[in-house]
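Only this structure's heavy atoms are used, side chains among them; waters, hydrogens and symmetry mates stay out. The sequence lines fix the lettering, A, B, ..., with proteins before strands; numbering per chain opens at 1.
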2 protein chains.
Amino acid sequence: MYAEESFKKKRERMLSILAWFRLSRFYNQSIRKSNQHLKLWNITVAQFDVLAQVGSTERLSQQELADKLLVTKGNMTQLLGKLEQLGWIQREREWKTKYITLTDEGRALLDEILPVQEQFQADQFGKLTMEEKKQLLNLLKKIQS
Amino acid sequence: MYAEESFKKKRERMLSILAWFRLSRFYNQSIRKSNQHLKLWNITVAQFDVLAQVGSTERLSQQELADKLLVTKGNMTQLLGKLEQLGWIQREREWKTKYITLTDEGRALLDEILPVQEQFQADQFGKLTMEEKKQLLNLLKKIQS
DNA sequence: CACTTTCAGTTTAATACTAAACTGATAAAA
DNA sequence: TTTTATCAGTTTAGTATTAAACTGAAAGTG
């Protein structure tokens, strides 16, 4: 009885490790490929993610932006510094808070890259059927629930 | 007809983007949590991954190690430099190649951390049933096939 | 044997990212 | 009003990571 359960647990652990390995492999390759094709526009994935987030929402503070993108505010400070320097975003201070908006150049760049990047994402999961994509999404949701 | 297909494609794209967002969120949180509990042993995830890989295989070269862990050889050089300096691994040169093995301290440390880390991985996927874990693994395999 | 190619590992410059300490302004409390 | 808390954003030190150039040894070729 005990031996039975121990064996089952071992199998479960093994499955988890395999799943983790697959997942992180996929993630890392994806980031790498993404950075490669984004080189065309001299922008990185991290920078693009900020642009996309800023471009799709009304007035976000730096902290809110960090929360949405799941990074620290320190990281945000630096990314935004770079993006500001490149002329793609601007910061407007209001009391303690700085609100971020796209400049015209930032908006133009985003409009140009967004469809390409969306297609890239779609291609990444291209081997899955619609049904399987839904399945995957649900499993990922459940993990984090 | 065309409108129909276009709509379907849009839905597929949206699913892909959502899946990607979930996946990267999970990945990043996981790395962060992992680093947090590994602080107890003054080791990082990246360093532990190398130890675990070295400890589970006979004689790997730096390049092979990089391939297994899906990082560049430059990254490997640096990680191994750190691990060597900490006294956990050693490099043995043979012709052009350097082979990596664990030192006794490295082995002891790995033996101590491995079960904890395996349990951590298992817990991460703890909300999934055995069947769902298999499903997830298969979907991830299919994506990359 | 001399010349060239290949290939493991190293170095360098750049970006990304975290944790933790810090700054300075606003808000709350006394 | 003075003091204290809080809280947004910044800074700093450290690790991780890549791409690309470099080094030097080994292998292949003539």
Side-chain angles (χ1 to χ4, degrees), chain A residues 24-25 27-51 53-54 59-86 88-100, chain B residues 24-25 27-51 53-54 59-86 88-100:
Chain A
S24 54
R25 174 151 87 173
Y27 177 83
N28 288 319
Q29 284 178 338
S30 175
I31 294 279
R32 217 171 308 170
K33 279 190 217 157
S34 227
N35 270 322
Q36 235 132 44
H37 78 249
L38 285 178
K39 250 196 271 181
L40 265 172
W41 291 276
N42 272 310
I43 193 174
T44 64
V45 173
Q47 292 164 6
F48 175 78
D49 284 351
V50 177
L51 279 201
Q53 188 63 63
V54 173
R59 265 169 61 99
L60 283 176
S61 72
Q62 295 198 182
Q63 180 64 68
E64 287 164 344
L65 209 38
D67 291 344
K68 289 245 182 201
L69 295 173
L70 302 158
V71 299
T72 59
K73 54 193 173 158
N75 189 196
M76 217 61 245
T77 296
Q78 296 190 47
L79 275 171
L80 289 172
K82 183 75 186 174
L83 292 177
E84 190 176 35
Q85 173 199 325
L86 287 165
W88 296 333
I89 60 113
Q90 63 214 20
R91 306 193 230 205
E92 278 151 28
R93 179 165 197 153
E94 193 168 305
W95 306 107
K96 276 200 299 191
T97 307
K98 290 184 181 175
Y99 290 98
I100 312 301
Chain B
S24 54
R25 173 151 90 172
Y27 178 83
N28 288 318
Q29 285 179 338
S30 175
I31 293 280
R32 218 171 306 170
K33 280 189 218 158
S34 227
N35 269 322
Q36 236 133 43
H37 78 248
L38 284 178
K39 249 197 272 180
L40 265 174
W41 291 276
N42 273 308
I43 193 173
T44 65
V45 173
Q47 291 165 6
F48 175 78
D49 283 351
V50 178
L51 278 201
Q53 189 61 63
V54 172
R59 264 170 61 101
L60 283 176
S61 73
Q62 295 198 182
Q63 180 65 66
E64 287 163 344
L65 209 38
D67 291 345
K68 289 246 181 197
L69 296 174
L70 303 157
V71 298
T72 59
K73 53 193 174 156
N75 190 197
M76 216 62 247
T77 296
Q78 296 193 49
L79 274 172
L80 289 173
K82 183 75 184 171
L83 292 178
E84 190 176 35
Q85 173 199 323
L86 287 166
W88 295 334
I89 59 114
Q90 62 214 19
R91 305 193 230 206
E92 277 150 30
R93 179 165 199 156
E94 192 169 306
W95 305 107
K96 276 202 297 191
T97 307
K98 289 185 182 172
Y99 289 99
I100 312 300

Verify the contact: side-chain N or O of [X] to OP1 or OP2 of [N], cut-off strictly under 4.0 Å; return yes or no.
X     : N      : result
A:T72 : C:dT18 : yes
B:K33 : C:dT18 : no
B:N75 : D:dA16 : no

Atom-to-atom span, [atom1] of [X] to [atom2] of [N] - whole angstrom:
X     : N      : atom1 : atom2 : value
B:R32 : C:dA20 : CZ    : P     : 13 Å
B:L38 : D:dA16 : CG    : C1'   : 15 Å
B:N35 : C:dA19 : CG    : P     : 8 Å
A:M76 : D:dT12 : CE    : P     : 20 Å
B:L60 : C:dA8  : CG    : C1'   : 14 Å
B:L40 : C:dA19 : CG    : P     : 15 Å
B:K39 : D:dA13 : NZ    : C1'   : 14 Å
B:D49 : D:dT15 : CG    : P     : 17 Å

Of all the heavy-atom pairs spanning [X] and [Y], show the shortest one and how long it is.
X     : Y     : value
A:L80 : A:R91 : C-NH2, 3.7 Å
B:L65 : B:L60 : CD1-CD1, 3.5 Å
B:V45 : B:N35 : N-OD1, 3.0 Å
A:S24 : B:Y27 : CB-CE1, 3.2 Å
B:L79 : B:Q47 : CD2-CG, 4.1 Å

Item to check | Sidechain-backbone polar pair: A:R32 side chain, A:S34 backbone, donor-acceptor under 3.5 Å | outcome: no
Next on the checklist: Using a 4.0 Å heavy-atom cut-off, does A:L70 contact any base of the nucleic acid, only the sugar-phosphate backbone, or nothing at all?
Outcome noted: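 Sugar-phosphate: the residue A:L70, judged by heavy atoms under 4.0 Å, touches backbone atoms but no base.
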Checklist entry - Contact class for A:T44 vs. all strands (heavy atom < 4.0 Å): base, sugar-phosphate, or nothing? => result sugar-phosphate
Item to check | Listed partners of B:R25 passing salt bridge (Lys or Arg N to Asp or Glu O under 4.0 Å), at least two apart | outcome: none
Next on the checklist: Of the listed nucleotides (D:dT10, D:dA20, D:dA8), which one gets closest to any side-chain atom of A:Q62?
Outcome noted: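 Given the options D:dT10, D:dA20, D:dA8, the side chain of A:Q62 is closest to D:dT10.
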Checklist entry - Are A:R59 and A:E94 within salt-bridge range, i.e. N to O under 4.0 Å? => result yes
Checklist entry - Looking at DNA chain C, which of residues 91-99 of chain B put a heavy atom within less than 4.0 Å of it? => result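 Result for residues 91-99 of chain B: B:R91, B:K96, B:T97, B:K98, sorted by number.
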Checklist entry - Considering only heavy atoms, which members of residues 77-85 of chain B lie under 4.0 Å from some atom of DNA chain C? => result B:T77, B:Q78
Checklist entry - Does a side chain donor of either B:Q53 or B:D49 reach within less than 3.5 Å of an acceptor in the other side chain? => result no
Checklist entry - What is the glycosidic conformation of D:dA5: syn, defined as within 90° of 0, or anti? => result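 Nucleotide D:dA5 adopts syn.
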Checklist entry - Now, which nucleotide makes the Watson-Crick or G-U wobble pair with C:dT26, with each of the two distances under 3.5 Å? => result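 Per the H-bond distance test, none.
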Item to check | Base paired to D:dA19 (Watson-Crick or G-U; both N/O distances under 3.5 angstrom) | outcome: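 Result: C:dT12.
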Checklist entry - Is there a side-chain contact between A:L86 and A:K82 (heavy atoms, below 4.5 Å)? => result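 The answer is yes, as the side chains (C-beta and beyond) meet within the 4.5 Å cut-off.
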Item to check | 5'-most by nearest nucleotide on DNA chain D - A:Q36 or B:Q47 | outcome: B:Q47
Checklist entry - When you match A:K73 and A:Y27 each to their closest nucleotide on DNA chain C, which lands nearer the 5' end? => result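 Nearest nucleotide further toward 5': that of A:Y27.
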